Amino acid sequence: MIQTFTDKASPEQGPPRLKLLRAAMVCADLNGWLVPRADVHQGEYVAPGDERLAWLTGFTGSAGFAAITEEKAGVFVDGRYRTQARVQTDAGAFQPVNWPEVKLADWLRSALPDGGKLGFDPWLHTHKEIAELTDALAGSSIGLAPDANLIDALWQDRPAPPTGAITAYPDELAGKTSARKRADLADKLREAGHRAAILTLPDSIAWLLNIRGNDIPRNPIPHAFAVLHDDARVELYVHPAKLNTLPDNCTTDGVTAHPDTGFSAALTILLSPVRVDPASIPVAIVTALEEAGITPAFADDPCILPKACKTDAEIAATREAHLRDGAALVNFLTWFDAQAPGTITEIDVVTRLEQARRDTGKLLDISFETIAGSGPHGALPHYRVSETSNRTLIDGDLLVLDGGGQYLDGTTDITRTLPVGNIGADERTAFTRVLQGMIAISRLRFPKGIAGRDIDAIARYPLWLADQDYAHGTGHGVGVYMCVHEGPQRISRASEVALAPGMIVSNEPGYYREGHFGIRIENLLVVQPAAPLPGNDAADSAAEKLVFETLNFVPLDRRLIQRDMLSVAEIAWIDAYHADCLAKIGPRLGPDAKNWLASATQPI
């Protein structure tokens, strides 16, 4: 098994650890301390030794932070994690804070005394984050104080930094050599007048050098720093234990590897100006540059957009990965439908689904911890089953099943909501509204320049008509044998990044009724140029149009669809999608699964 089911949260450890932290704050002459869920690389995913937020509070969600003062301890979480934060933290010690509705600066103004000093580790916070907090605190007497990490000094059994092997990623799957990528980006640096760019994001470095790593669970990326020079040379900084096992593309052809212990010193001898992304560069790096008299040039990480716009080779590879994964899902669903209510548990579901993926012979890892939330657990968008929470699936339950695989040719992610026994009318109605939103996004045709914020409401519209909604974005970017969450594109009210050909996004509206049930339906989509339409308006036809190509082909459960709520066009889309599922996945199945698929894809 890849996934395990031990309890990761330790709420009972929170109060004594909080007491130790407050004592350390006193010794450091600080009135407060920030605890992010971040590491020095500022990616979304962190290694066990960087799970400081979970160590202190017990909260294990993948996003959030804590602000600790002498009297208060706020755990700031968004709508995906509010129920989880209440369950995983000690209510007497920590108070969940609804973020971003409650701004950190406003909370600090009420929680800190006049003249209070708020400490933070400058390696664990970005330049943008601290600059915005500084601006928001303007007019107050609160000061921000960079300092050595207080928690690291208290965490006696903190796991060591990861030293996973770095491996080469095939050029034929990447669609472009590292040398070509580096040359292209170096051209951009020279055009902008930048002498170098500092890269801290592991997925940017992995993409640029056509490498993969093994430092972060579920994400094949390496911990590293890199400097890309305007002549296309790259200086790579990695843990010393990795130096003797690096692949050739990390040691030849314009790439030089060094121990990461020398990274800070190397910053001070760079030629100015140096490009840094304020959204991902740690404060400590900007400070080091400025103290050395080097001008930081604030601009986006140069890898971000090129990485997001997949090559034809990457798209072809990920199509195959999704078809393989779809066949594994259908094999699982064939088994699932044969199980009577009351006979299997959430752990049984996760175990069987993982085995179906392993049976492909191509699975390298799961792409995240599988979510298998039945009944009330389905109302937790990021629920993770443990031995303690494990629940038997009973008649009337909905099961939210969200998982994916890491294959050499692609990263998959798919969610299906499944019925257990007889499902009530209220659940079917809500499911159909969510389905309508998913279909609406899938069918979109839109002009170039449209961003995720412009289309997010389209997925919510059917739910809004019933005064229902969901407290997460409609979709996130996805990599190719990379991170299952990949920016900068997403379908969200907060996203201003224009969607462009080659970008992969998830399409996953949902609905969650706390204490009762949850619903989510998800397919991955890739942005493609749209073919001209016959009879188009001549004035408008010159503008480039884009559409979404669906990557996942697994049936939607027809038993949950309220057909009389659907339009003719929605019914046609479902029937066409199911016909594609049968045509694309059927030839990959054995007799029993093929029969199940033929039945599951009958026209509605």
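This is a predicted model, so every value here is computed, not measured.
- We find the CG-CG distance between L34 and L53 to be 11.5 Å, quoted to the nearest 0.5 Å.
- The main-chain N or O of E44 is found under 3.5 Å from a side-chain atom of R37 such that the two form a donor-acceptor pair.
- Two residues are said to be in side-chain contact when any heavy atoms from C-beta on lie closer than 4.5 Å; Q406 and R212 fail this criterion.
- The closest donor-acceptor contact from the side chain of N249 to the backbone of N210 lies under 3.5 Å.
- Between the SG atom of C303 and the CG atom of L185 there is a distance of 5.5 Å, given to the nearest 0.5 Å.
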Quiz item: Passes side chain to side chain contact (heavy atoms under 4.5 Å, CB included), E320 versus K362? Steps please.
Solution: CA-CA 11 Å; E320 173 59 25; K362 300 288 187 178; over 6 Å; no

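- When ring centroids are compared, H223 and H239 stay outside the 6.0 Å threshold.
- For the pair P509 and N507, the minimum side-chain heavy-atom distance is below 4.5 Å.
- The backbone N or O of V497 lies less than 3.5 Å from no partner atom in the side chain of R453, so there is not a single donor-acceptor pair.
- By the 30° and 60° cut-offs, the orientation of the rings of W107 relative to F76 is perpendicular.
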Quiz item: Would W55 and V35 count as a side chain to side chain contact (heavy atoms under 4.5 Å, CB included) if you check the C-alpha gap in whole Å, the side-chain angles of each, and the deciding distance to 0.1 Å?
Solution: CA-CA 10 Å; W55 179 86; V35 186; over 6 Å; no

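- A donor-acceptor contact shorter than 3.5 Å links the side chain of S178 to the backbone of L208.
- Contact of the I198 side chain with the L270 side chain is registered, since non-hydrogen atoms from C-beta on lie closer than 4.5 Å.
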Practice problem: Might you work through the side chain to side chain contact (heavy atoms under 4.5 Å, CB included) test for L408 and L364, ending with a clear yes or no? | Solution: CA-CA 7 Å; L408 187 65; L364 300 176; 4.2 Å; yes

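- For the pair Q42 (side chain) and W123 (backbone), a donor-acceptor distance under 3.5 Å is present.
- Side chain of T411 to backbone of M482: a donor-acceptor contact under 3.5 angstrom is found.
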Quiz prompt | From CA spacing to verdict: side chain to side chain donor-acceptor pair (under 3.5 Å), T550, N523 | solution = CA-CA 7 Å; T550 297; N523 281 339; 5.0 Å; no

Quiz item: For I450 and L546, what are the C-alpha separation, side-chain angles and deciding distance, and is it a side chain to side chain contact (heavy atoms under 4.5 Å, CB included)?
Solution: CA-CA 9 Å; I450 289 293; L546 302 172; over 6 Å; no

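- Between the side chains of H476 and E508, at least one donor N or O lies within less than 3.5 Å of an accepting N or O.
- By the 4.5 Å heavy-atom criterion applied to side chains, H382 and S62 are counted as neighbours.
- Nearest heavy atom pair, residue F446 against residue V527, reads CZ-CG1, 4.4 Å.
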Practice problem: Show the numbers, then the answer: is there a salt bridge (Lys or Arg N to Asp or Glu O under 4.0 Å) between D184 and K188? | Solution: CA-CA 7 Å; D184 290 345; K188 299 295 184 183; over 6 Å; no

Self-check item: Test salt bridge (Lys or Arg N to Asp or Glu O under 4.0 Å) applied to K117 and D147, step by step
Solution: CA-CA 11 Å; K117 288 197 302 181; D147 208 334; over 6 Å; no

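- Inspection of the D171 and T177 side chains reveals no N or O donor paired with an N or O acceptor under 3.5 Å.
- Within 6.0 Å of the CG atom in D312, the count of heavy atoms belonging to other residues, nucleotides or ligands does not exceed 12.
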Exercise. Test salt bridge (Lys or Arg N to Asp or Glu O under 4.0 Å) on D253 and R182 and set out the steps.
Key: CA-CA 11 Å; D253 190 29; R182 289 185 277 114; 3.3 Å; yes

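- Put simply, the side chain of T318 never gets that close to the backbone of E314: no donor and acceptor are under 3.5 Å apart.
- The closest side-chain heavy-atom distance from L199 to P302 is below 4.5 Å.
- Both cation-pi conditions hold for R324 and Y407: the charged atom is under 6.0 angstrom from the six-membered ring centre and inside a 45 degree cone around its axis.
- Summarising the geometry of Y470 relative to R460, their closest heavy-atom pair is O-NH1, 2.8 Å, with the distance given to 0.1 Å.
- Minimum heavy-atom separation, A186 to A232: CB-N, 3.6 Å.
- Counting only N and O atoms by type, the side chains of S367 and D413 include no donor and acceptor under 3.5 Å apart.
- A salt bridge (Lys or Arg N to Asp or Glu O under 4.0 Å) with E549 holds for exactly one of R319, R443, K310; it is R319.
- Contact record, P247 with I211: CG-CG2, 4.3 Å, taken as the closest heavy-atom pair.
- Note that CG of D301 is 5.5 Å distant from CG of D277, once rounded to the nearest 0.5 Å.
- No side-chain heavy atom of V526 sits under 4.5 Å from any side-chain heavy atom of P501.
- The closest donor-acceptor contact from the side chain of Q3 to the backbone of T370 lies under 3.5 Å.
- In this structure, D230 contributes its side chain and R190 its backbone to no donor-acceptor pair below 3.5 Å.
- Of the residues K128, E129, H127, the one that meets the side chain to side chain donor-acceptor pair (under 3.5 Å) test with H125 is E129.
- I216 and A47 get closest at one heavy-atom pair: CD1-N, 3.6 Å.
- Side-chain contact check for P146 versus F120: some heavy-atom pair is nearer than 4.5 Å.
- With rounding to the nearest 0.5 angstrom, the CD1 atom of I281 is 7.5 Å from the CG atom of L289.
- Ring planes of Y81 and F59: perpendicular class, angle over 60° (limits at 30 and 60°).
- To the nearest 0.5 angstrom, I285 atom CD1 is 6.0 Å from L267 atom CG.
- Using a 4.5 Å cut-off on side-chain heavy atoms (C-beta onward), L150 and L30 make contact.
- Note that NE2 of H229 and CD of E235 are 4.5 Å apart. Values are rounded to the nearest 0.5 Å.
- Q489 places a side-chain N or O within donor-acceptor distance of the main-chain N or O of I504, the cut-off being under 3.5 Å.
- Ring-plane geometry between W99 and F65 is classed as perpendicular, the angle between the planes exceeding 60 degrees on a 0 to 90 degree scale with a lower cut at 30.
- Salt-bridge check for D456 with R490: failed, with every basic side-chain N at 4.0 Å or more from each acidic carboxylate O.
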Practice problem: Check the pair R357, D365 against salt bridge (Lys or Arg N to Asp or Glu O under 4.0 Å), reporting the backbone distance first and the verdict last. | Solution: CA-CA 9 Å; R357 288 189 163 110; D365 199 349; over 6 Å; no

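- In plain terms, the two heavy atoms of A308 and P488 that are nearest each other are CB-CD, 3.8 Å.
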